[in-house]
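Computed from a prediction, not measured in an experiment: that's the story for all the values here. Index from 1, following the sequence. Basis for what follows: all heavy atoms, side chains included, without hydrogens, waters or symmetry-related copies.
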Amino acid sequence: MNEVTARANPGTLIQLDQCRKCGGVWCDKWELFPVDPDEAERVDAKDAVDESLLTAPVKLTRRSLYCPRCTAPLQLCNDPVLPADLLFERCLRCEGIWLNRGKLRRYKEHQKKVRLEKLGAAGIVQRIPEVYENPKSWVVTGTQGMMAYPRMADDSAQEFKPSLGGTVATILQTLLRATLGI
């Protein structure tokens with residue numbers, strides 16, 4: 001896989017992985033959504049892959065694809081809000097998404113169309129200053145990003161008490177068994 005850097009919204013960079021042979025793109029969790037639509041076209045461009053490998057005849061076999069991150073089998077999924085021809089292969093363990101060549105561009109075109117229908121061009125332009133001034137509204141990826149691993153409510157104190165009680169019970173039970181020879 002080649003590492004491909006793509007601009008994302010608003011003004012960040014995301015590192016995607018692209019297969020040198022087929023031109024498919026691997027998006028880790030939350031990487032697909034903020035990619036700029038113009039960048040999707042650049043990533044899917046012909047010069048991103050070896051053209052001779054794409055035109056060479058290949059014997060078709062039905063093989064399962066596996067996640068390049070955690071090696072779990074990828075599942076074909078069809079989102080009902082997307083067009084029927086936009087099928088993704090997704091890892092249910094790490095939530096990454098595999099897009100065959102051209103599907104990243106087609107997904108981004110669909111996303112752009114829906115955004116224009118919902119907000120209109122004037123609505124999008126009006127929201128730019130609001131989003132730009134508020135960094136909390138920015139989509140960020142990575143280990144420190146707000147979307148990488150969403151934080152849960154702080155229940156650590158409530159979770160600790162039952163686990164501590166269970167640990168103490170297990171230790172007492174083990175000592176009692178060792179004493180009695182059971």
Side-chain angles (χ1 to χ4, degrees), residues 1-120 124 127 131 137-153:
M1 297 268 229
N2 279 343
E3 293 178 348
V4 179
T5 303
R7 281 188 332 246
N9 299 327
T12 59
L13 295 174
I14 291 181
Q15 194 167 352
L16 304 173
D17 300 298
Q18 185 173 38
C19 178
R20 295 175 208 192
K21 293 181 180 178
C22 69
V25 176
W26 176 258
C27 297
D28 290 321
K29 182 179 181 179
W30 299 108
E31 284 183 340
L32 172 63
F33 310 109
V35 172
D36 188 77
D38 297 331
E39 287 292 288
E41 189 150 340
R42 183 185 62 80
V43 169
D44 276 342
K46 287 183 181 179
D47 59 345
V49 294
D50 186 352
E51 192 78 25
S52 64
L53 289 174
L54 288 176
T55 57
V58 176
K59 183 179 177 182
L60 293 178
T61 58
R62 182 67 185 144
R63 292 186 301 171
S64 297
L65 292 178
Y66 295 93
C67 175
R69 297 289 179 249
C70 67
T71 68
L74 299 179
Q75 302 293 318
L76 193 64
C77 57
N78 182 7
D79 192 331
V81 299
L82 295 176
D85 63 336
L86 273 177
L87 296 175
F88 297 153
E89 298 201 59
R90 183 171 183 202
C91 177
L92 299 179
R93 187 181 300 159
C94 70
E95 299 182 20
I97 296 175
W98 173 258
L99 301 153
N100 288 332
R101 183 166 183 229
K103 286 192 178 182
L104 176 64
R105 180 182 42 79
R106 288 183 18 230
Y107 172 77
K108 286 301 178 177
E109 286 171 359
H110 176 75
Q111 185 183 43
K112 189 190 259 186
K113 178 182 156 197
V114 169
R115 191 174 289 155
L116 278 172
E117 288 173 0
K118 287 187 174 186
L119 289 176
I124 292 173
R127 291 224 34 221
V131 171
S137 69
W138 299 359
V139 176
V140 181
T141 62
T143 57
Q144 299 298 316
M146 68 179 202
M147 300 302 262
Y149 299 98
R151 292 185 179 170
M152 305 295 269

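When all heavy atoms are compared, the tightest approach of C77 to R90 is SG-CB, 3.7 Å. The two residues C94 and C91 make their nearest non-hydrogen contact at N-SG, 3.4 Å. For the residue pair A6 and V43, the shortest heavy atom distance occurs at CB-CG2, 4.5 Å. Closest heavy-atom contact between D38 and K112: OD1-NZ, 4.0 Å.
Checking side-chain atoms of K108 against main-chain N and O of F33 turns up a donor-acceptor pair under 3.5 Å. Formation of a donor-acceptor pair under 3.5 Å by the Q18 side chain with backbone atoms of G23 is found in this model.
With rounding to the nearest 0.5 Å, the separation of CZ in R106 from NZ in K103 is 6.0 Å. To the nearest 0.5 Å, atom CG of residue L104 and atom CG of residue L32 are 6.5 Å apart. Atom CG of N2 sits about 4.5 Å away from atom CZ of R20, to the nearest 0.5 Å. Residue I97 holds its CD1 atom at 10.0 Å from CD of E31, rounded to the nearest 0.5 Å. Rounding to the nearest 0.5 Å gives a distance of 9.5 Å between CD of Q111 and CG of D36. One finds the CZ atom of R7 at 12.0 Å from the CD1 atom of I14 (value rounded to the nearest 0.5 Å).
Residues passing the side-chain hydrogen bond (donor to acceptor under 3.5 Å, both in side chains) test with R69, sequence neighbours excluded: D17, D28.
For the ring pair (Phe, Tyr, Trp, His ring centres under 6.0 Å) with F88, the lone residue among W26, Y107, W98 that qualifies is Y107.
Ion pairing between a basic and an acidic side chain is recognised when a charged N comes within 4.0 Å of a carboxylate O; E109 and K113 show no such pairing.
Side-chain atoms of E41 and R105, non-hydrogen and from C-beta on, do get closer than 4.5 Å to each other. No side-chain heavy atom of R93 sits under 4.5 Å from any side-chain heavy atom of C67.
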